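Data block below; observations after.
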Amino acid sequence: MSRKKNYLRGIKAGIPIALGYFAVGITIGIAAKNAGFGSFEATLTSFLINASAGEYIGFTLIAAGAGYFEVFLMEAIANARYMLMSAALSQKLKPGVGTVQRLLLGYCITDENFGVSIALDERLDPFYTYGAASMAIPGWSLGTLCGTLLGSILPTGVLSALGVSLYGMFISVFVPESKKNKIVLGVVLISFALSYAASAIPIFDAVSDGVKIILLTVVISLAAALLFPIKEEQKNAE
């Protein structure tokens, strides 16, 4: 399949992501405004960073008067999961993908862009992810812009609904694959159970949400890789 066709497929997959990002971006825009950012600064931040949790943490810390090192440390923790996603996608790429394309792919990776990319049955052409990102990133940035301009006049109930929409969108990414693969379904259910346990058991209260996500991701993915490895024959067939 040509690059153009893969790019168009990615655009189609990125449209619902863009809609969800636009909705949640409004809440990020409000957080940026509360931290003293102007509309241009907040929008540029969303375009360059492209990370919901990382941006929200950054804006919140800035609003609270945190120092540079504290902001740097929390951003590193909140966004460390993208390193794991990048490592996973690097194993799925089709042969012959160069360094420049890999770097651009790294910029395009978000939770949802990763989800639609890793779920492909065939080897990943980076232009598929580029297509998804070309819809998702502008949606996120425009949502942030609208949040700085209009967020303060929206009702609280509307803002709460917008904040939940991203979780629904992310669920829609892994549900189809879970229906096709019982192993994926089992890993998803175990992830839900362990995530709930980590949030409910008091002994984990001292651990930040970002660290919990990273630790659970590493432990669960490593266990799944060891217990259910992809055979070399299957990789070659893909």
Side-chain angles (χ1 to χ4, degrees), residues 14 17-86 103-115 133-170 195 198-199 204-218:
I17 297 177
L19 295 175
Y21 277 5
F22 179 83
V24 180
I26 294 176
T27 62
I28 294 295
I30 296 172
K33 185 176 181 180
N34 293 336
F37 284 72
S39 297
F40 174 77
E41 296 168 331
T43 304
L44 182 62
T45 300
S46 282
F47 182 79
L48 294 177
I49 296 180
N50 197 27
S52 57
E55 284 185 54
Y56 187 80
I57 289 173
F59 290 143
T60 302
L61 289 175
I62 291 172
Y68 288 114
F69 178 75
E70 185 177 359
V71 173
F72 169 79
L73 182 61
M74 290 304 298
E75 288 296 317
I77 294 174
N79 295 320
R81 68 188 187 279
Y82 295 125
M83 297 176 61
L84 303 176
M85 295 179 189
S86 298
L103 291 174
L104 181 57
L105 184 64
Y107 165 71
C108 294
I109 291 177
T110 64
D111 295 337
E112 289 71 28
N113 288 341
F114 169 80
S134 67
M135 299 300 296
I137 296 175
W140 181 249
S141 302
L142 291 175
T144 303
L145 175 61
C146 289
T148 60
L149 297 175
L150 304 174
S152 58
I153 64 176
L154 292 177
T156 303
V158 174
L159 294 177
S160 299
L162 292 174
V164 172
S165 63
L166 185 62
Y167 297 101
M169 181 185 61
F170 188 65
S195 296
S199 63
F204 295 111
D205 289 345
V207 182
S208 68
D209 290 339
V211 174
K212 289 178 184 177
I213 292 173
I214 294 170
L215 291 177
L216 287 173
T217 301
V218 172

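This is a predicted model, so every value here is computed, not measured. Atoms considered below: every heavy atom in the structure, side chains included; atoms not considered: hydrogens, waters and symmetry mates.
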Quick check: do [X] and [Y] have side-chain heavy atoms less than 4.5 Å from each other?
X      : Y      : result
Glu75  : Leu61  : no
Thr110 : Trp140 : no
Tyr82  : Asp111 : yes

| query | Between Thr45 and Glu55, is any side-chain donor less than 3.5 angstrom from a side-chain acceptor? | reply |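 Result is no, nothing qualifies.
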
[atom1]-[atom2] distance between [X] and [Y], expressed to the nearest 0.5 angstrom:
X      : Y      : atom1 : atom2 : answer
Ile57  : Leu73  : CD1   : CG    : 10.5 Å
Asn113 : Asn50  : CG    : CG    : 7.0 Å
Leu105 : Met85  : CG    : CE    : 12.5 Å
Ser141 : Ile49  : OG    : CD1   : 10.5 Å
Leu149 : Thr144 : CG    : OG1   : 11.0 Å

Nearest heavy-atom pair of [X] and [Y]: which atoms, and what distance?
X      : Y      : result
Ile62  : Ala35  : CG2-O, 4.0 Å
Pro138 : Ala133 : CD-O, 3.6 Å
Thr148 : Gly29  : CG2-O, 3.3 Å

| Within the side chain of Ser46, is there an N or O that forms a donor-acceptor pair under 3.5 Å with the backbone of Thr43? |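 Not confirmed, Ser46 side chain does not pair with Thr43 backbone.
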
| task | Taking Asn34 for its side chain and Ile30 for its backbone only, find out whether a donor-acceptor pair lies under 3.5 Å. | result |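 Indeed, once roles are kept as given, a pair shorter than 3.5 Å links the two residues.
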
| task | For Leu48, enumerate each residue passing the side-chain contact (heavy atoms from CB on, under 4.5 Å) test, keeping only those at least two apart in sequence or located in another chain. | result |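 Partners of Leu48 under the side-chain contact (heavy atoms from CB on, under 4.5 Å) test: Leu44.
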
| request: With sequence neighbours excluded, give me every ring-ring contact (aromatic ring centres under 6.0 Å, His included) pair touching residues 41-79. | output: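 Passing the test, one end in residues 41-79: Phe37-Phe59.
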
